[in-house]
A.B. asks: 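Here's a structure for you.
This is a predicted model, so every value here is computed, not measured. Just so you know, these numbers use all the heavy atoms, side chains as well, and skip hydrogens, waters and symmetry mates.
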Amino acid sequence: MNHKRLWSWLPVFAALALLLAACGGAPPAQAPQATEAPAAQATEAPAPTAAPAATEAPAATEAPAPTAAPAATEAPAAAEPGGKLTILYWQAITILNPHLASGTKDYDGATLILEPLARFSETDELVPYLATEIPTVENGGIAEDNTSITWKLVETNWSDGTPFTADDVVFTWQYCSTPETACTNASNLEPIETVEAVDPQTVRITWKEPNPNPYISFVGPLGMILQKAQFENCIGAAAISDAACQAANLAPIGTGPYKLTELRPGDTALYERNPEYRNADSVFFDEVEIKGGGDAASAARAVCETQEVDYAWNIQVPKAVLEPILASGNCDPVAGGSFGVERIVVNFSNPDPALGDQRSEPDQPHPFLTDPAVRQAINLAIDRQAIVDQLYGPTGYPTCNVLVVPAQVNSPNTTCDRNVEEANRLLDEAGYTLNGAVREKDGVRLVVDFQTSINTLRQGEQAIVKANLAEIGIQVNVKAIDAAVFFSGDPGNPDTLNKFYADLQMYTNGPDSTDSQAYLSSWQCSEVNSSANQWNGNNDGRYCNPEYDALFAEYAAEFDQARRAELAIQLNDILVNDVAIIPLVNRVTPQVKLKNLEGPTYSTFDSVLWNIQEWRRVP
């Protein structure tokens, strides 16, 4: 089956230009570095005497001088199989166990080594990987009463030469269903009652209740299978604390087309062809190098201008910088689907350092962001259209929704038109009065720390939001954190998005499946991040709403697909209307590749490296 689809950039530009429109019903659309911004260092501006202009972003008419693109060994020009494929991620890989990861770069790095039972193609279709076929009711793989799903497994070996069997699938469930392991994808396995090996090449999953989403587990980037022999002593707290398990997390044995030869966390991952891969003879490249570091603009230049590397990920740069880079004629953008929604997460817990170990714990309520009037005022003050016009251009749409794909669940009910007058009225009515340029109530000043990853475009977004909120008497101190730190799952680092030691934070995320259940589960009370789950829950904002939980339970038990779509929209609307989260931009950010590299496609619901075994160089 041919799953290749390459989007030409000019039609994308034309289509996007026609669609830059309404916030609520815009068509659907993770996180780069700002030059010269110190990692994890907050900068506090003095209180302004007059509100700055609301829609002025930093000028970006001229591309900044590139930080040196990380050196990559030369790629062969010939079309003969072999040689090295060089890939540039300006966010460097830090861990290769995807079940303990929280950053896309780590999931992507693991994709070369580990495999799920099936992946999503660029057409949003499930494609078998470690399964021989996709189970359905028609082929007998899904029980007619929806209580179980049975997967037939391919006969293949791990890269160490030992056979892959159903026991490895059973083990992966046991590993991640143990709460103390603190798997970041535990919600995808929560509906499971049992996983059993029917025989070495057959595994049956039985659900706790009849399941309307039988592909929630072991599919896509969150469903990769671990080798039991390597990880069997790593269940529970040992997953992170044990030295042997730490080593396994950095160098998993896999069934995929490549195996790891070296990982330098925060820098480079080197891979070589896996001779035990079932289709090893069809894999074109002998080696792959994923180099991390630099920034998105210099990554794009390394492909499109200097042609030092073959492929660069997530070219999230201001439009005035991106357009001339793409005009070089040496590269093709790879775009389509939705890269996810850029959003601001509101911290419902108190990040005050004075709280010590209780900082940002869910039982410590935020002093003013728990007030709906403050959250609504912030939402009303933000100028999404300015963010798109000045920074994203045709690589993003303003959106009010956190759930935008598939199209049938993109809510038509929400609005997010900018209204500074109404924002000020809400704060006045709630008793927040101006003291100089900053509002306060009962001695508590509306001053927020706003953090995100280091990236020119993101710092531009921060600047616009800071100016917007100054207009309503809220002072914003911006903080930029190195992306490798911000998106790491390191429980010992205070600057991760999981710990969220700030009031607001910004990043991009999206569902990993055409069914939204696993994605929407992230805002349940049970998913709240805390020290108890090593900050590896999915609810980094610590939002807890019994109404949301009750509606989610109804959604999870609903089988009628039209009704499921209605409930998904209602869940989105609760999050948006309660301002648990502030959606900003539905992103269609491109990757870029050399013209002689064939194979890369886009995937809305999977890794952009989902079909790397098919990539090849052409004359």
A.B. asks: Testing Thr508, Val478, Leu391 one by one against Arg458 for a side chain to side chain contact (heavy atoms under 4.5 Å, CB included), which residue passes?
C.D. replies: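 Of all the options given, the one that passes is Thr508.
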A.B. asks: Which heavy atom in Pro221 sits nearest to a heavy atom in Pro98, and how many Å separate them?
C.D. replies: O-CB, 4.3 Å
A.B. asks: Residues in salt bridge (charged side-chain N to carboxylate O under 4.0 Å, His left out) with Arg439, at least two apart?
C.D. replies: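 Arg439 satisfies salt bridge (charged side-chain N to carboxylate O under 4.0 Å, His left out) with Asp428 only.
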A.B. asks: Listing request: all disulfide bond (SG atoms under 2.5 Å apart) pairs with a residue in residues 465-534, at least two apart in sequence or in separate chains.
C.D. replies: Cys525-Cys544
A.B. asks: Locate the shortest heavy-atom distance separating Val588 from Ala335; write the atom from each residue and the value.
C.D. replies: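 In this case the closest contact between Val588 and Ala335 is O-CB, 4.2 Å.
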A.B. asks: For the pair Trp313 and Tyr89, evaluate ring pair (Phe, Tyr, Trp, His ring centres under 6.0 Å) and give the outcome as yes or no after the intermediate values.
C.D. replies: CA-CA 5 Å; Trp313 166 82; Tyr89 272 54; 4.6 Å; yes
A.B. asks: Ignoring hydrogens and geometry, is there a side-chain-to-backbone donor-acceptor pair from Thr452 to Met506 under 3.5 Å?
C.D. replies: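 Checked: pair present.
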A.B. asks: Is a side-chain N or O of Asp108 found less than 3.5 angstrom from the main chain of Ser607, in a donor-acceptor match?
C.D. replies: no
A.B. asks: For residues Arg343 and Tyr519, report the shortest heavy-atom separation together with the two atoms involved.
C.D. replies: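 Heavy atoms only, the tightest pair is NH2-OH, 2.9 Å.
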A.B. asks: Determine whether a donor-acceptor pair (N or O, by modelled atom type, separation under 3.5 Å) exists between the side chain of Asn536 and the backbone of Thr184.
C.D. replies: no
A.B. asks: How close do Asn498 and Ser488 get, counting heavy atoms only, and between which atoms?
C.D. replies: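 Distance-wise, the nearest heavy atoms are ND2-O, 4.4 Å.
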A.B. asks: With a 4.5 Å cut-off on side-chain heavy atoms, are Asp371 and Tyr432 touching?
C.D. replies: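 Heavy-atom side-chain distance check passes, below 4.5 Å.
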A.B. asks: Measure the shortest side-chain to side-chain distance between Ile325 and Glu305 over non-hydrogen atoms and say whether it is less than 4.5 angstrom.
C.D. replies: yes
A.B. asks: Tell me the closest heavy-atom pair linking Asp503 and Asp449, and the distance in Å.
C.D. replies: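 The pair with the smallest heavy-atom distance is OD2-N, 2.7 Å.
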A.B. asks: Please report the C-alpha distance between Leu100 and Asp106 in whole Å, then the side-chain angles of each, then the deciding distance to 0.1 Å, and finally whether the side-chain contact (heavy atoms from CB on, under 4.5 Å) criterion is met.
C.D. replies: CA-CA 9 Å; Leu100 301 181; Asp106 299 319; over 6 Å; no
A.B. asks: Between Gln505 and Asp540, is there a side-chain donor-acceptor contact under 3.5 Å, judged purely by atom types and distance?
C.D. replies: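 Yes, a side-chain donor-acceptor pair sits under 3.5 Å.
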A.B. asks: Is there any disulfide bond (SG atoms under 2.5 Å apart) pair reaching into residues 451-487, and which pairs are they, with sequence neighbours excluded?
C.D. replies: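 For residues 451-487, and leaving out neighbouring residues, there are no disulfide bond (SG atoms under 2.5 Å apart) pairs at all.
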A.B. asks: Tell me every residue that passes side-chain contact (heavy atoms from CB on, under 4.5 Å) with Leu426, counting only those two or more places apart in sequence or in another chain.
C.D. replies: Gln376, Leu380, Glu422
A.B. asks: Any sub-3.5 Å donor-acceptor pair from Gln524's side-chain atoms to Ser521's backbone N or O?
C.D. replies: yes
A.B. asks: Report, as yes or no, whether the 6.0 Å neighbourhood of atom CG on Asp363 holds more than 12 heavy atoms from other residues, nucleotides or ligands.
C.D. replies: yes
A.B. asks: Sort and list the pairs that fulfil salt bridge (charged side-chain N to carboxylate O under 4.0 Å, His left out) and have at least one residue in residues 564-584, not counting sequence neighbours.
C.D. replies: Arg375-Asp578, Asp515-Arg564, Arg563-Glu566
A.B. asks: Can a donor-acceptor pair be found, under 3.5 Å and without considering hydrogens, that links the side chain of Lys441 to the backbone of Ala430?
C.D. replies: yes
A.B. asks: With Thr496, which residues qualify under side chain to side chain donor-acceptor pair (under 3.5 Å), at least two apart?
C.D. replies: none
A.B. asks: What salt bridge (charged side-chain N to carboxylate O under 4.0 Å, His left out) pairs are there with at least one residue in residues 516-535, not counting sequence neighbours?
C.D. replies: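 Qualifying pairs, neighbours excluded: none.
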A.B. asks: Cation over ring, Arg587 on Tyr392, under 6.0 Å and within 45°?
C.D. replies: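 Here Arg587 fails the 6.0 Å and 45° test against Tyr392.
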A.B. asks: Looking at Asp352 and Leu355, would you say the former's side chain and the latter's main chain have a donor-acceptor pair under 3.5 Å?
C.D. replies: no
A.B. asks: Would you say Ile378 and Ile344 make side-chain contact, with heavy atoms under 4.5 Å?
C.D. replies: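 They are not in contact (no side-chain heavy atoms under 4.5 Å apart), so the answer is no.
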A.B. asks: Looking at Asn185 and Asn188, would you say the former's side chain and the latter's main chain have a donor-acceptor pair under 3.5 Å?
C.D. replies: no
A.B. asks: Verify whether one side chain among Arg542 and Ser360 offers a donor that lies under 3.5 Å from an acceptor in the other.
C.D. replies: no
A.B. asks: If the condition is salt bridge (charged side-chain N to carboxylate O under 4.0 Å, His left out), which residues does Glu429 pass it with, not counting sequence neighbours?
C.D. replies: Arg425
A.B. asks: Quick one: are Val374 and Leu427 in side-chain contact, heavy atoms under 4.5 Å?
C.D. replies: yes
A.B. asks: If only side-chain N and O atoms count, and only distance matters, is there a donor-acceptor pair under 3.5 Å linking Tyr543 with Asn545?
C.D. replies: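 Looking only at side-chain atoms, Tyr543 and Asn545 do form a donor-acceptor pair, the distance falling under 3.5 Å.
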A.B. asks: Show your working on side-chain contact (heavy atoms from CB on, under 4.5 Å) between Tyr507 and Val345 and close with a plain yes or no.
C.D. replies: CA-CA 8 Å; Tyr507 58 85; Val345 181; 3.7 Å; yes
A.B. asks: Between Ala312 and Gln591, what is the shortest heavy-atom contact and its length?
C.D. replies: O-CB, 3.3 Å
A.B. asks: Any side-chain to backbone donor/acceptor pair from Thr94 onto Ala484? Under 3.5 Å, distance only.
C.D. replies: no
A.B. asks: Strictly distance-based, threshold 3.5 Å: is any side-chain N or O of Asn347 a donor or acceptor partner for the main-chain N or O of Phe500?
C.D. replies: yes
A.B. asks: Taking side chain as C-beta onward, heavy atoms only, is Phe487 less than 4.5 Å from Leu497?
C.D. replies: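 In short, these two side chains touch, coming nearer than 4.5 Å.
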A.B. asks: Hey, are Ser349 and Gln364 close enough side-chain-wise for a donor-acceptor pair under 3.5 Å?
C.D. replies: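 The answer is no; no qualifying pair exists.
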A.B. asks: Below 4.0 angstrom, N of the basic side chain to O of the carboxylate: do Lys291 and Asp267 qualify?
C.D. replies: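 Salt bridge present between Lys291 and Asp267.
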A.B. asks: Just wondering, do Leu369 and Leu504 contact through their side chains at under 4.5 Å, heavy atoms?
C.D. replies: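 A side-chain contact exists here, since the closest heavy-atom pair is under 4.5 Å.
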A.B. asks: Would you please say whether a donor-acceptor pair under 3.5 Å links the side chains of Gln475 and Asn477?
C.D. replies: yes
A.B. asks: Is it true that Thr589 and Asn314 share a donor-acceptor pair across their side chains at a distance under 3.5 Å?
C.D. replies: no
A.B. asks: Just to verify, what does Ser530 make a side chain to side chain donor-acceptor pair (under 3.5 Å) with, not counting sequence neighbours?
C.D. replies: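 Checked Ser530 against side chain to side chain donor-acceptor pair (under 3.5 Å); zero matches.
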A.B. asks: Quick one: pull up CG in Leu567 and OH in Tyr555 and give me the separation to the nearest 0.5 Å.
C.D. replies: 8.0 Å
A.B. asks: Show your working on side-chain contact (heavy atoms from CB on, under 4.5 Å) between Val608 and Val334 and close with a plain yes or no.
C.D. replies: CA-CA 9 Å; Val608 295; Val334 182; over 6 Å; no
A.B. asks: Can you name the residues that form a ring-ring contact (aromatic ring centres under 6.0 Å, His included) with Phe450, not counting sequence neighbours?
C.D. replies: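 With sequence neighbours excluded, Phe450 shows a ring-ring contact (aromatic ring centres under 6.0 Å, His included) to no residue whatsoever.
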A.B. asks: Are Ile387 and Pro398 side-chain neighbours, meaning at least one heavy-atom pair lies under 4.5 Å?
C.D. replies: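 Side-chain contact under 4.5 Å: no.
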A.B. asks: Of all residues at least two apart in sequence or in a different chain, which pass the side chain to side chain donor-acceptor pair (under 3.5 Å) check with Asn435?
C.D. replies: Glu440
A.B. asks: State, with a plain yes or no, whether a side-chain heavy atom of Arg418 is found less than 4.5 Å away from one of Arg384.
C.D. replies: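 Heavy-atom side-chain distance check fails, nothing below 4.5 Å.
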A.B. asks: Assess the residue pair Asn424 and Val420 against the criterion (side-chain contact (heavy atoms from CB on, under 4.5 Å)); give the C-alpha distance rounded to whole Å, side-chain angles, the decisive distance to 0.1 Å, and a yes or no.
C.D. replies: CA-CA 6 Å; Asn424 277 310; Val420 176; 3.6 Å; yes
A.B. asks: Keeping Gln462 on the side-chain end and Lys479 on the backbone end, is there a donor-acceptor pair under 3.5 Å?
C.D. replies: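 Between the backbone of Lys479 and the side chain of Gln462 there is a qualifying donor-acceptor contact (under 3.5 Å).
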A.B. asks: Holding to side chain to side chain donor-acceptor pair (under 3.5 Å), I want the full list of residues that pass it with Asn572, two or more places apart in sequence or in another chain.
C.D. replies: Asn401
A.B. asks: How are the rings of Tyr548 and Phe552 set relative to one another: parallel (under 30°), tilted (30 to 60°) or perpendicular (over 60°)?
C.D. replies: parallel
